Structure formats: C-alpha cells, structure tokens
Amino acid sequence: MIKHLKKPDLFRQQAFIGGAWVDADSGQTENVTDPATDEVLGTMPRMGAAETERAIDAAAAAFPDWAGRSAKERATILKRWADLMMAHQDDLGRIMTAEQGKPLAEAKGEVAYGASFIEWFAEEARRVYGDTIPSPWGDKRIVTIKQPIGVVAAITPWNFPNAMLARKAGPALAAGCTMVCKPAAQTPYSMLAMAVLAEEAGLPPGVLNVVTGDAATIGGVMTSSEIVQKLTFTGSTQIGRLLMRQSADTIKKLSLELGGNAPFIVFDDAEIDKAVEGAIIAKFRNNGQTCVCANRIYVQAKVYDEFAEKLVAAVSQLKTGNGFDEGVALGPLIDEKAVKKVNEHLDDAKAKGARVLTGGESLGGNFMSPAVVVDVTPEMIVSREETFGPLAPLIRFETEADVIRLANDTEFGLASYFYSRDIGRVWRVAEKLEYGIVGINTGLISTAEAPFGGVKQSGLGREGSKYGIEDYLEIKYLCMGL
Ligand code: ADP
C-alpha cells in the first residue's frame, strides 16, 4: 500500500504491454519494499522472455503510426503528459518516497525535473531539421532527412526512478521511436505511474511498454532482438559493459550513462562558504546516491582545515530519517548492500589512517549518519571507487598540476566540480579535466537544457539539450538526380 494518494489508480502492480495492464504469464510476482521501514508496499509481475518479446512486438506494431504522425501531434501528447505529471506531482512524489526513500520534497523536485525533460523534448520534436548540401555534381542534389531509429529498449536504475525514464522517453518518443522499458526491481511503481499518465495523455497503445521482472532475462531478450534498434541504459559500468557486449551481435545503437567518480576540487582562492554549500548539494543529494555525486573532495592545503571545519558544521545540520517526515534531508540508503558498501569504504579509510570528524554511524536499518573524513589518501578505496552513499572524504593537495593529475586518474569521466575565482585557472582547469560535465563554482549542474553525459568509461551519448534527441535519430542521405 502507498498511503494518501489523491489518485489511487496511479499505484499499479501490473506491467503495461500494448496498452493493457497485465500480470506475468506464470502469475509470479516479486515484493517491493520501503527502504525506510522494510515494509512490503506491494508486488510487481515477475516477467521473463515471452512477455518481453510481446512488448517488443507491440512497440514494433505501434511504430509506423507513431513515427508517421507530425512532430506537432507527438509534441501535443508529450506536453499533455508533462502537464499531467505536474498535476499529480504530489502523488508521484509519494510513490517515489515510498519505494526509493528520498525525502518527499526531493522526490517532488525529481518529478518536476522529469516533467521538464518531457516538456523540453516535446518542444525539440518540432526542430528536427535536415540539411541541403552543396552538390559536387551539376545533375544531382544532396539532401538529408532525420528519422526515428525505431524500437528502443530502456533500462533504468533505482536512484531517479522518474527522471531516468523521462530523460529517455522524452527524446525517444519526440523523435518518433516506440519503447520497451524496464525499471529497477527496487522502484517499479514510479515508472508504472508514469505509464498511467502517458496513457491518459493520449499516447497510443504499444508506444510505451513497461515490463518488470527478471533483469538478466529481460535484458537478454532486449539486446538480442533484431527488432530493437537501440538500447538506452543508465546504471552501473559493470552492467553497461555486459549490455554493450550482448548488443554486439545485432550492432545496436547505444546510449549508456554509467558510473562516475566525481572529483570536487576546492582551490585556495575559492569562496569557502560557497564551496561548502556546493559540496553539500554535490555530495549529499539523494543521500549520496547519484552518478554525479562528489566522490572525492580535494582541498588545497592552505584552506583544508577551514573547509573541513565548515563542512562538518553544515553536515551536522542534515537530518536523517524517514523521507515522509518533516525536515528530513537524508533518507535511508536503498538497501542493505548499499549500507555495507559505504561501511567497507569507511573501514578501509580508517584502517589506512583517515580520521572521521563526524558521522558514519549506523542508525539502524538502512540509515546511517552522514560522514566527513579527513586525511584521506589516493590509496584508499574511497579515492578510487564510487561510494554511492553519505560519506565525504577530504584529500589534501598542494598544486594545480597535482590535483588535475589526481582528478583524471580514473577510468571514469562523468561529472567534476571545482571552486576558484581566478579566471585563468578556471579556464585551464575546465579544459584539462577529462569529464563530460564540469561544475564551476556550483554543485548543481543537471537541467533539461544542458547535455548530460560522460567520457571515458562513464558512457556513450548525451541526455537532455538540443543534442539529446540526436541519439534517437538516424540521418538519411537522399541523392537526387535531376
Ligand atoms: P545498481 O548497482 O545501481 O543497482 P545496476 O547496473 O545493477 O545498478 O542496475 C541498473 C539497472 O540495470 C536496473 O534496472 C537493473 O535491474 C538492471 N540490470 C541489472 N542486471 C542486469 C542484466 N544482467 N541485464 C539487464 N539489466 C540488468
């Protein structure tokens, strides 16, 4: 049960295939729990290969009509969908807090953020331009048009159960593609609620399908399908690699948003109070469980102690608790495995000589208090692996060259952040950081208008911005004899 919904039918425990709400063929289900209380909220169908194939067939059947509609028609439906998401923001937020744990205000913020992608791409749908290209031949003309790729499979993670679908469905549907989507097992209800609203907005049956259940089986069918032309995935680098490998036989187009290991650098000319404010946002949003979360905080020697002291003061203001309670800034971690990982990183740092200035205590269940750790070195796990939890490790550095080397010494390249007021340094560092995103004097970088994506092993493609829709389009070259 999810309590206090104004529109109770947003809470669905069935999958959505070809415009119908359906159970697994086997009748099997899986429980979905609240990470704050471990209470069972409900079930989702445990589907496998047959249901996934049916969903792919439904998407393929819906494709010619959807792709053939005018961009304006598609845009009208997508705008209505975004409007419905905002009209039901409170309910969608409640569903998200129940299954994901993040504070209700943050969950409602995510719903608005998700809706902004649907709205943005509804607008972009009408600006998919081709080219006319000067021809080298007197008797032929060259023209390009852009067309939707076809059926798209989408696999999303649990940390942003609404926005990760919106960032994929917005551009895919705007371009004229149809979709089969799989939510994370921890958080299926946000995606299913969005499907309810998509249907109400007038999305034709089969354009957006949602299957739930066994991830490996569903992913296997998606990646081996000859019908699915593209896979878009947000999740761990490990699963991204696996899906890329599985997609090789059918030469699928891929968009991958994978892990990060974001450096957050504070130079000694930074405004320290602003840097602390930015670090709180970049580190502790969603309890440290985002792929753009600051993972390693590098502070220049001269301001190290001041920054540490001010960060501890700010962190001690953050209240941890059930996301439905007033004033809570940090909810539970998603599950026991996540708690274990943060503790492993913390224990390793302590064993190698780091000091805990605040937090890091277990508060029972999936809750832990936010930690600030100093005297961290590059040898510790926290410096190399994504912690994905409320642990801020501070590493001292001396020179600009040193910190750039340290920051780039990773296979990841999604987000990075730095604070400096020296304009020359700002340009130098921004250009040298090997990251797809650089936050300069800010800890908050995500918005529908900007291109989000990583370099190196953080992924392929960009989501959001005028570039985002290109990932769902093919260029066709028309060579026209006169
Ligand atoms: P996390 O460790 O954050 O849960 P994952 O990469 O495991 O990240 O999960 C992201 C998404 O990938 C989820 O929807 C999950 O169900 C899905 N997933 C996990 N394993 C597989 C797999 N073998 N094939 C396809 N999808 C998978």
Side-chain angles (χ1 to χ4, degrees), residues 59-82 116-154 166-180 201-204 206-208 225-233 244 247 250-257 431 436-437 447-455 459-482:
F63 178 69
D65 170 66
W66 184 245
R69 295 192 186 203
S70 71
K72 189 171 174 175
E73 269 180 273
R74 289 197 299 270
T76 302
I77 293 173
L78 289 177
K79 262 191 231 146
R80 218 179 287 144
W81 190 20
S116 77
F117 278 87
I118 307 290
E119 181 192 47
W120 169 262
F121 284 108
E123 292 159 355
E124 286 298 287
R126 297 172 67 190
R127 307 192 215 304
V128 173
Y129 299 108
D131 296 312
T132 53
I133 298 173
S135 170
W137 304 296
D139 61 346
K140 287 197 265 191
R141 297 291 177 263
I142 299 174
V143 171
T144 66
I145 58 171
K146 288 184 181 168
Q147 294 182 305
I149 287 185
V151 174
V152 172
R167 289 220 296 216
K168 294 168 171 25
L173 301 181
C177 297
T178 56
M179 301 184 86
V180 179
L203 208 66
V207 172
L208 178 81
S225 167
E226 301 258 354
I227 299 171
V228 173
Q229 296 298 324
K230 166 158 184 139
L231 174 76
T232 172
F233 169 77
M244 191 173 186
S247 296
T250 53
I251 317 287
K252 253 181 238 331
K253 314 289 177 281
L254 292 168
S255 288
L256 302 173
E257 293 288 355
E431 288 178 2
I437 305 166
T447 178
E449 289 80 358
F452 185 103
V455 301
L460 298 172
R462 293 293 180 269
E463 293 188 323
S465 83
K466 66 174 179 175
Y467 304 107
I469 200 165
E470 301 291 336
D471 283 18
Y472 295 88
L473 294 165
E474 291 279 24
I475 297 175
K476 186 179 278 176
Y477 156 40
L478 311 180
C479 184
M480 307 173 69
L482 300 181

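Please read all numbers here as calculations on a predicted model, not as lab measurements.
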Notebook entry, point to check: Are Lys253 and Leu231 close enough, and set up right, to give a side-chain contact (heavy atoms from CB on, under 4.5 Å), and what steps lead you there?
Noted result: CA-CA 6 Å; Lys253 314 289 177 281; Leu231 174 76; over 6 Å; no

Taking atom [atom1] of [X] and atom [atom2] of [Y], what is their separation to the nearest 0.5 Å?
X      : Y      : atom1 : atom2 : answer
Phe117 : Arg167 : CZ    : CZ    : 5.0 Å
Phe121 : Leu78  : CZ    : CG    : 11.0 Å
Trp66  : Leu208 : CH2   : CG    : 10.0 Å
Gln147 : Leu473 : CD    : CG    : 9.5 Å
Ser255 : Lys168 : OG    : NZ    : 7.5 Å
Glu226 : Ile251 : CD    : CD1   : 10.5 Å

Identify the two heavy atoms, one from [X] and one from [Y], that lie closest to each other, and give their separation to 0.1 Å.
X      : Y      : value
Lys252 : Val228 : NZ-O, 2.8 Å
Arg74  : Leu173 : CD-O, 3.3 Å
Cys479 : Trp137 : SG-CZ3, 3.9 Å
Leu254 : Ser247 : CD2-OG, 3.8 Å
Gly468 : Tyr472 : O-CD1, 3.7 Å
Ala75  : Ala122 : CB-O, 3.2 Å

Check whether any side-chain N or O of [X] sits under 3.5 Å from a backbone N or O of [Y] as a donor-acceptor pair, and report yes or no.
X      : Y      : result
Arg462 : Gly454 : yes
Trp120 : Ser465 : yes
Lys230 : Asp471 : yes

When you check the gap from the basic side-chain N to the acidic O, do Lys466 and Glu449 get nearer than 4.0 Å?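 No, this pair does not count.
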
Exercise. Determine, for Lys79 against Glu119, whether the closest basic-nitrogen to carboxylate-oxygen distance falls under 4.0 angstrom.
Key: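 Looking at Lys79 and Glu119, the cut-off is not met.
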
Mind checking side-chain contact (heavy atoms from CB on, under 4.5 Å) for Thr144 and listing every partner two or more places apart, or none if nothing turns up?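 Once residues adjacent in sequence are excluded, the partners of Thr144 under the side-chain contact (heavy atoms from CB on, under 4.5 Å) criterion are Asp131, Ile133, Ile475.
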
Side chains of Ile77 and Glu73, heavy atoms from C-beta outward: is any pair under 4.5 Å?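 Ile77 vs Glu73: side chains apart.
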
Kindly determine whether Ile142 and Thr132 satisfy side-chain contact (heavy atoms from CB on, under 4.5 Å), including the steps that lead there. CA-CA 6 Å; Ile142 299 174; Thr132 53; over 6 Å; no

Practice item. Begin from the C-alpha positions of Lys146 and Glu474 and carry the test salt bridge (Lys or Arg N to Asp or Glu O under 4.0 Å) through to its verdict. Key: CA-CA 6 Å; Lys146 288 184 181 168; Glu474 291 279 24; over 6 Å; no

Dump the intermediate steps for side-chain contact (heavy atoms from CB on, under 4.5 Å) on Val151 and Met179, then the final yes or no.
CA-CA 6 Å; Val151 174; Met179 301 184 86; over 6 Å; no

- Please report the C-alpha distance between Val143 and Met480 in whole Å, then the side-chain angles of each, then the deciding distance to 0.1 Å, and finally whether the side-chain contact (heavy atoms from CB on, under 4.5 Å) criterion is met. CA-CA 8 Å; Val143 171; Met480 307 173 69; 4.2 Å; yes

